[in-house]
Amino acid sequence: MPRMGYSFPEEVLEHVFSFIQSDEDRNAISEVCRSWHDIERWSRRRVFVGNCYAISPTMVIRRFPEVRSVKLKGKPHFADFNLVPEGWGGYVAPWISAMASAYPWLEEIRLKRMVITDESLELISKSFKNFKVLVLSSCEGFSTDGLAAIAANCRNLRELDLGESEVEDLSGHWLSRFPDNYTSMVSLNIACLGWEVSFSALERLVGRCPNLRTLRLNRAVPLDKLANLLCRAPQLVELGTGAYSSELRPDVFSNLSGAFSGCKELKSLSGFWDVVPGYLPAVYPICSKLKSLNLSYATIQSPELIKLVSQCQNLQRLWVLDYIEDAGLDALAASCKDLRELRVFPSDPFGQEPNVPLTEQGLVSVSEGCPKLQSVLYFCRQMSNAALMTIARNRPNMTRFRLCIIEPHTPDYLTLQPLDVGFGAIVEHCKDLRRLSLSGLLTDRVFEYIGTHAKKLEMLSVAFAGESDLGLHHILSGCDNLRKLEIRDCPFGDKALLANAAKLETMRSLWMSSCSVSFGACKLLGQKMPGLNVEVIDERGPPDLRPESCPIDKLYVYRTVSGPRFDMPGFVWTMAENPALRLS
Amino acid sequence: MSSPLLRAVEGEQSDVSLVASSPTVDSSQNGSGLKERNYMGLSDCSSVDSSAVSSLSVEKNNNLNLKATELRLGLPGSQSPGRSSLNTGKLDEKPLFPLLPSKEGIYSSIQKNVVSGNKRGFSDTMDVKNSVYTAGNWMFNSASESESPQSVEQGKFSGNSGMNVVPSSRPSGAQSSIMKEFPGNLLQEHHRATIGTSHNHKTASNNNNSAPAPKAQVVGWPPIRSFRKNSLATTSKNNDEVDGKPGPGALFVKVSMDGAPYQRKVDLRLYATYQELSTALEKMFSCFTIGQCGSRGAPGKEMMSESKLRDLLHGSEYVLTYEDKDRDWMLVGDVPWEMFIDSCKRLKIMKGSDAIGLAPRAMEKSSNRI
């Protein structure tokens with residue numbers, strides 16, 4: 001086919017495309033015509049696979065041969081709360097081995113909720129000569145031996161972030177495996193490690209990496225060593241302390257205070273395990289520059305929190321325990337006008353009675369006082385429709401709203417009504433809402449509101465809510481942009497699921513556990529929708545030993561182009577088109 | 001034109017996938033095609049035979065009633081807890097809202113339809129009159145019954161005892177008819193399937209104060225990540241306990257087993273005794289058991305005596321060990337339970353022959369501690 005005379009040469013197109021980073025845009029580009037498709041695929045450098053089972057590594061590699069950065073996600077979100085049994089899957093090994101040969105120039109691997117072994121880590125360390133970034137967020141399956149391989153072999157490593165992974169701690173000496181001439185660390189996050197790392201190795205590493213911007217220590221690093229580290233890295237932008245406790249001694253305090261003062265670029269603080277309040281003033285000198293403060297492990301009381309937070313006028317993100325109390329949130333609302341994100345975690349989640357005076361009022365205050373507030377995660381014990389409506393009207397710019405009323409089925413404490421209209425107000429007023437988590441007493445009504453108004457909603461989490469299939473039907477038929485839906489302990493069954501089967505192919509995934517979905521419906525869904533993997537997870541044994549109308553324990557449905565997976569454990573079954581393929 | 005390939009490889013910030021067809025159109029089109037059906041009539045995949053079932057589950061089925069392939073974990077001196085009346089299905093659905101007076105009228109109509117708890121299948125099949133609970137049928141210890149997690153839901157029971165039992169109210173009539181038809185061995189299987197991860201069993205409270213007994217915990221609720229939960233737990237252990245109330249939250253430790261393809265996790269706070277833990281682990285790992293388990297005695301015999309431990313250790317199948325804070329591997333069962341959960345970092349089910357050397361060390365160590 002002769003080229004059109006007026007089209008750009010490939011090199012020009014490629015250059016133009018290099019400015020297009022967003023995957024959406026690149027996907028759109030690739031559909032313009034054949035030649036754009038080819039140029040785009042050869043020039044795509046970043047790939048994000050939201051569900052590692054949605055596509056096989058081979059297919060990704062075939063389509064995008066020159067990738068430098070890969071991000072993969074494995075287990076469903078509810079795995080964070082132990083709802084996904086161990087051994088379910090999310091193994092990254094096939095990806096690593098495929099990429100080891102296909103992408104020799106790979107620079108970045110970011111994984112979330114995946115299982116990665118030491119062997120894979122070693123393979124990474126040896127296969128990618130220019131490897132720069134390893135982010136393992138909520139991963140597991142590896143030990144400090146794997147980290148040692150990374151340290152020893154990745155000469156160009158810039159970022160090593162272990163997130164909240166579970167690492168088998170075999171030895172703290174892996175850190176010493178970074179060669180003496182290795183100086184390129186920019187970001188190191190080892191906060192999740194339970195045991196000590198070799199402190200002298202850490203000190204030397206920090207001292208010789210002039211570009212170190214992020215350092216998140218683990219709890220085992222004692223406070224009296226922190227000053228030393230800070231003095232070696234005054235250029236730090238983000239710091240996570242270790243345990244923030246020590247005998248109160250003036251010399252330790254003044255060293256610490258001086259060290260913090262020396263960090264002129266510090267914008268983010270975290271860590272603060274085991275806080276001794278007397279040492280908090282050491283950070284006062286830098287409070288006014290802080291944009292992000294994570295005190296969610298700090299068991300300090302409201303007065304100290306207020307003193308601290310009142311000095312952080314530029315704070316954009318605060319994570320804190322409910323020790324802050326309503327009074328502390330009032331102070332936050334008054335002082336931190338730039339606040340974008342607030343997360344309040346429960347200090348005593350399993351207690352029956354509230355242990356601190358933190359109520360819906362604190363959230364209302366912050367919604368009133370902080371005009372830029374758009375992301376909320378709030379654990380509390382009481383809520384009212386009135387409060388939710390106030391929050392909704394105050395903050396139509398809310399994009400992420402996750403409310404966890406600790407006791408399931410808790411009604412509006414003032415009227416004893418369900419919280420339907422309150423959440424209804426949230427979805428009605430907050431037109432850009434992308435993520436929502438519900439709690440409290442809720443009927444099918446709330447889902448009607450959500451289906452009607454939450455048109456931009458991408459992720460919805462539902463627990464102990466609803467009355468009938470109508471609730472699920474409202475969600476599936478109404479939320480046009482829904483990508484992830486996770487449901488537990490709701491009376492949703494087969495009807496809504498089957499009636500909206502096609503919707504599931506437009507979403508990334510659906511999780512339903514302890515609901516009323518029958519085995520028969522799962523089979524039907526699997527047969528009728530070949531583009532979906534319908535996984536029945538049931539530790540009681542094979543579901544086909546029970547009557548088909550029997551509800552299954554857990555259901556995980558996701559769209560895929562690579563068919564049923566073959567790494568399932570004994571308690572997961574995929575409902576396939578062809579029953580013979582249904583591997584147990 | 002929609003490319004399924006690109007949908008799978010989607011942008012992080014993408015609001016809409018590449019699918020060109022509008023979801024609402026599709027679902028309504030297909031919605032009209034997929035009407036509500038009678039599943040019983042429609043199940044053309046009635047092949048519930050072995051062709052659809054892997055060898056693993058076939059093995060499980062075959063082993064259903066064979067005690068010989070049970071995993072037994074040897075523990076010293078554990079008594080099987082008496083089977084109390086904890087198994088009676090309490091149909092008391094009085095909601096428990098500690099801050100509020102209860103208003104029956106508002107809730108009852110809503111809650112009738114609300115599906116409770118986590119143990120779906122079990123509550124379905126449980127005959128609330130307890131005709132199923134005859135000791136002799138069960139292949140596991142009687143301890144398994146006392147900890148069998150009936151469908152429990154927070155806030156739905158009068159929490160006086162440590163164990164609260166409420167079968168769920170099933171919204172659909174079909175299920176209740178199923179209950180009566182269930183053959184005994186399937187019920188057994190259901191019972192056996194009440195495995196650790198969805199336990200709603202609360203550790204027996206050691207409270208001697210007048211506070212109401214702590215409620216059973218629902219798995220994964222409130223939704224807090226393990227890392228955070230464990231951090232909180234360690235913090236509160238370090239701080240002084242003001243009123244002696246039991247420690248917070250869950251205490252998940254990994255459990256591995258020699259030869260098993262993957263590890264499991266258990267929440268140690270769900271159990272009050274070694275026996276309960278042992279039973280839960282048996283259930284969890286029984287699918288991995290190969291071969292005989294040594295001398296058993298009559299089915300239903302539950303006593304775990306010192307001599308039995310010795311028998312089990314010497315040449316019998318598996319024993320339970322744990323790694324403590326000092327990274328030493330110890331035999332489970334030597335120290336008081338509270339001390340154990342305080343120091344246990346992870347568990348390992350080892351072959352009995354490998355574990356023989358552990359016993360003396362464990363004794364030594366704990367005597368050194370004292």
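Note on naming: letters A, B, ... go to the chains in the order of the sequence lines (proteins, then strands), and numbering restarts at 1 for each one.
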All salt bridge (charged side-chain N to carboxylate O under 4.0 Å, His left out) counterparts of A:D567, not counting sequence neighbours = A:R565

Could you look at A:F345 and say if it's the side chain, the backbone, both or neither that has a heavy atom under 4.5 Å from chain B?
-> side chain

B:W221 side chain vs A:E407 backbone, donor-acceptor pair below 3.5 Å = no

Mind checking the CG-CZ spacing from A:D80 to B:R228? Nearest 0.5 Å is all I need.
-> 11.5 Å

Identify which part of A:C192 has an atom lying under 4.5 Å from any heavy atom of chain B, answering side chain, backbone, both or neither.
-> both

Output, in order, the C-alpha distance, side-chain angles, deciding distance and verdict of side-chain contact (heavy atoms from CB on, under 4.5 Å) for B:V218 and A:R488.
-> CA-CA 11 Å; B:V218 178; A:R488 62 163 297 176; 3.1 Å; yes

Using non-hydrogen atoms only, which part of A:P346 is less than 4.5 Å away from chain B: side chain, backbone, both, or neither?
-> both

Options A:Y558, A:W195, A:F78, ranked by heavy-atom pairs under 4.5 Å with chain B, top entry | A:W195

Relative to chain B, which segment of A:S562 carries a heavy atom at a distance below 4.5 Å: side chain, backbone, both, or neither?
-> neither

Spacing of CG belonging to A:D169 relative to NZ belonging to B:K345, to within rounding of 0.5 Å = 11.0 Å

Which region of A:I405, side chain (C-beta onward) or backbone (N, CA, C, O), has a non-hydrogen atom less than 4.5 Å from a non-hydrogen atom of chain B, or is it both or neither?
-> backbone

Applying salt bridge (charged side-chain N to carboxylate O under 4.0 Å, His left out) to A:E164 and not counting sequence neighbours gives B:R225

With a 4.5 angstrom heavy-atom cut-off, could you sort out which part of A:F379 is near chain B: side chain, backbone, both or neither?
-> side chain

Considering only heavy atoms, which portion of A:A191 lies under 4.5 Å from any heavy atom of chain B: side chain, backbone, both, or neither?
-> backbone

A:E168 with B:R346: basic N within carboxylate O range, under 4.0 Å | yes

